[in-house]
Amino acid sequence: MNKTMQWKKLGHIFDPADHVLANDCKHFAQSPQALVFDDFVRIYFSTRAVDPANGKYLSHVSFVDMRKDLRTIIGVARQPVITLGGLGCFDEHGIFPMNVMRHGDAVYGYTCGWNRRVSVSVDTAIGLAISHDNGLTFERIGPGPVLGPSLHEPCLVGDGFVKHINGVFHMWYIFGTGWRRYSQDSAPDRTYKIGHATSSDGINWTKEEARQIITDRLGPGESQALPTVITIEGRHHMFFCYRQSSDFRVNSGRAYRIGHAWSDDLTNWTRNDYQPGLEGTEGEWDGEMQCYPHVFECDGSVYLLYNGNQFGRHGFGLAKLE
């Protein structure tokens with residue numbers, strides 16, 4: 001089945017510049033994540049506003065509702081989906097991304113909260129917020145994270161993607177292996193890998209501490225981000241993005257691309273990057289970068305949302321599994 005999996009690109013489907021978003025956000029629609037309803041699809045994303053106190057970005061969660069043709073826009077969120085964290089909290093300066101899943105009558109939102117640091121630019125952890133109004137708004141279960149740095153995962157725990165399989169919550173996430181200054185004149189850059197944790201309740205998690213579950217393609221300096229998992233015909237497929245850990249902002253050859261791995265047991269993963277085949281279109285919105293994938297099923301079809309150039313500044317596009 002791996003060799004016959006083919007994706008058809010359906011183009012650029014959402015640009016945040018075309019809409020009025022809450023929190024005075026004007027740019028970016030990063031990490032699109034779908035929640036499927038009976039007659040429409042809600043796609044959450046992380047967007048940005050400028051902090052008037054210092055001119056730096058804050059990341060807020062918003063959403064767009066689309067008909068199931070995934071072309072026709074019904075509307076965008078008119079109010080904040082979730083507030084940012086309090087002073088000094090792990091999500092004080094932003095949430096990027098937020099992964100959503102139904103659980104009983106509620107919608108769980110696993111947030112990647114981030115906060116600014118002094119010696120390095122940022123740190124992250126994973127929180128949980130719950131919605132009881134069909135995903136319009138979310139409330140944290142507490143001010144702290146449900147998954148964060150630990151003994152052998154010292155920083156940058158984030159990008160949680162959660163599925164409930166056979167009574168067990170599985171989370172695939174990223175953890176930082178450390179920061180490095182690649183030249184005297186450059187700011188430090190980070191490297192992160194994909195890990196796995198399990199839970200019986202979706203709140204208390206047990207990590208496979210510091211076990212990198214996806215092998216490197218670019219060597220130890222490869223950064224892997226935003227895993228998303230779907231099961232097709234009994235086989236589990238993971239899509240993620242990967243890049244070099246340095247010079248990726250200025251050299252498109254080192255920028256994010258979409259990778260793939262598969263597993264039959266949720267433990268051992270075989271990397272197989274030719275699988276998605278989602279090359280960018282030169283000169284277009286995704287010509288320099290393809291990143292932050294999210295795969296989901298809707299009415300019997302499998303779709304993949306992803307961002308393009310400049311880490312999703314111009315929104316996101318769509319591909320369909322044929």
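Residues take their numbers from the sequence shown, with the count starting at 1.
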Suppose we call two aromatic rings close when their centres sit under 6.0 Å apart. Are Trp172 and His196 close by that rule?
yes

Here the gap from Ser246 atom OG to Tyr182 atom OH, rounded to the nearest 0.5 Å, amounts to 5.0 Å

Cation-pi, Phe40 ring and Arg67 (6.0 angstrom, 45 degrees)
no

Side-chain heavy atoms of Phe45 within contact of Phe14, under 4.5 Å:
yes

So, does Asp159 use its side chain to make a donor-acceptor pair with the main chain of Ile174 at under 3.5 Å?
no

Group every Ile, Leu, Val, Met, Phe, Trp and Tyr by side-chain heavy-atom contacts under 4.5 Å, then state whether Tyr192 and Phe96 land in the same group.
yes

Quick one: do the Tyr306 and Asp286 side chains pair a donor with an acceptor below 3.5 Å?
yes

Hey, what do you get for OH (Tyr44) to OG (Ser31), rounding to the nearest 0.5 Å?
13.0 Å

Please determine which of Ile232, Leu321, Thr228, Val229 meets the side chain to side chain contact (heavy atoms under 4.5 Å, CB included) test together with Val295.
Thr228

Quick check on the hydrophobic clustering: are Leu305 and Leu35 connected, directly or via other members, by side-chain heavy-atom contacts under 4.5 Å?
no

Hey, does the side chain of Lys163 reach the backbone of Met101 with a donor-acceptor pair shorter than 3.5 angstrom?
no

When hydrophobic residues are tied together by side-chain contacts of less than 4.5 Å, even through go-betweens, does Trp269 share a cluster with Ile258?
no

Testing Arg243, Arg254, Arg249 for salt bridge (Lys or Arg N to Asp or Glu O under 4.0 Å) with Asp189, which one passes?
Arg249

Decide whether a cation-pi geometry holds between Arg102 and Phe37; the criteria are a distance under 6.0 Å from NZ or CZ to the six-membered ring centre and an angle within 45° of the ring axis.
yes

For the side chain of Asp216 and the backbone of Leu218, is there at least one donor-acceptor N/O pair under 3.5 Å apart?
no

Heavy-atom distance under 4.5 Å between the side chains of Ile141 and Val146, does that happen here?
yes

Using side-chain contact (heavy atoms from CB on, under 4.5 Å) as the criterion, list what pairs up with Thr83, not counting sequence neighbours.
Arg140

Any non-hydrogen side-chain atom of Glu297 less than 4.5 Å from a side-chain atom of Tyr303?
no

By ring-ring contact (aromatic ring centres under 6.0 Å, His included) - contacts of Phe169 (at least two apart):
His103, His164

Test item: Thr198 side-chain N/O and His170 main-chain N/O as donor-acceptor pair under 3.5 Å
no

Does Trp179 have any ring-ring contact (aromatic ring centres under 6.0 Å, His included) partners at least two apart in sequence or in another chain, and if so, which?
none

Asn307 side chain vs Ala29 backbone, donor-acceptor pair below 3.5 Å:
yes

Main-chain N/O of Leu156 paired to Asp123 side chain as donor or acceptor, under 3.5 Å
yes

Classify the side-chain pair Ser245/Ser223 by whether it contains a donor and acceptor separated by less than 3.5 Å.
yes

Under a plain distance cut-off of 3.5 Å, with no hydrogens placed, do Asp265 and Ser263 share a side-chain donor-acceptor pair?
yes

Using side-chain hydrogen bond (donor to acceptor under 3.5 Å, both in side chains) as the criterion, list what pairs up with Thr137, not counting sequence neighbours.
Asp133

Compare all side-chain heavy atoms of Gln212 with those of Ile194 and state whether any distance is below 4.5 angstrom.
no

Would you please indicate if the ring centroids of Trp285 and His314 are separated by under 6.0 Å?
no

Are the side chain of Asp201 and the backbone N or O of Asn204 linked by a donor-acceptor pair below 3.5 Å?
yes

For the pair Ser46 (side chain) and Pro97 (backbone), establish whether a donor and an acceptor sit closer than 3.5 Å, ignoring hydrogens and angles.
no

Hydrophobic cluster membership, with links at side-chain heavy-atom distances under 4.5 Å among I/L/V/M/F/W/Y: are Val100 and Ile230 in one?
no

Could you note down all residue pairs passing side chain to side chain donor-acceptor pair (under 3.5 Å) where residues 145-155 supplies at least one of them, sequence neighbours left out?
Ser150-Lys207, Ser150-Glu209, Glu153-Tyr173, Glu153-Lys207

In short, Thr47 meets Ser62 closest at the heavy-atom pair CG2-CB, 4.2 Å

Side-chain (Lys26) to main-chain (Pro16) donor-acceptor, under 3.5 angstrom:
no

Between the side chains of His236 and Thr231, is a donor N or O closer than 3.5 angstrom to an acceptor N or O?
yes

Is a side-chain donor or acceptor of Lys193 paired with a backbone partner of Thr215 at a separation under 3.5 angstrom?
no

Does Arg271 make a cation-pi contact with Tyr242, if we ask for NZ or CZ under 6.0 Å from the ring centre and within 45° of the axis?
yes

When the aromatic ring centroids of Tyr108 and Phe138 are compared, is their separation below 6.0 Å?
no

Between Phe296 and Val162, is there shared hydrophobic-cluster membership here, with clusters defined by ILVMFWY side-chain heavy atoms closer than 4.5 Å?
no

Paired with Val64, the side chain to side chain contact (heavy atoms under 4.5 Å, CB included) test is passed by just one of Val76, Leu21, Val41, Ile13, namely Val76

What distance separates Asn115 CG from Asp91 CG, expressed to the nearest 0.5 Å?
8.5 Å

Considering all heavy atoms of both residues, which atom of Cys298 and which atom of Val36 are nearest to each other, and what is their separation?
SG-CG1, 4.2 Å

Among all residues two or more places apart in sequence or in another chain, which pass the ring-ring contact (aromatic ring centres under 6.0 Å, His included) test with Phe311?
none

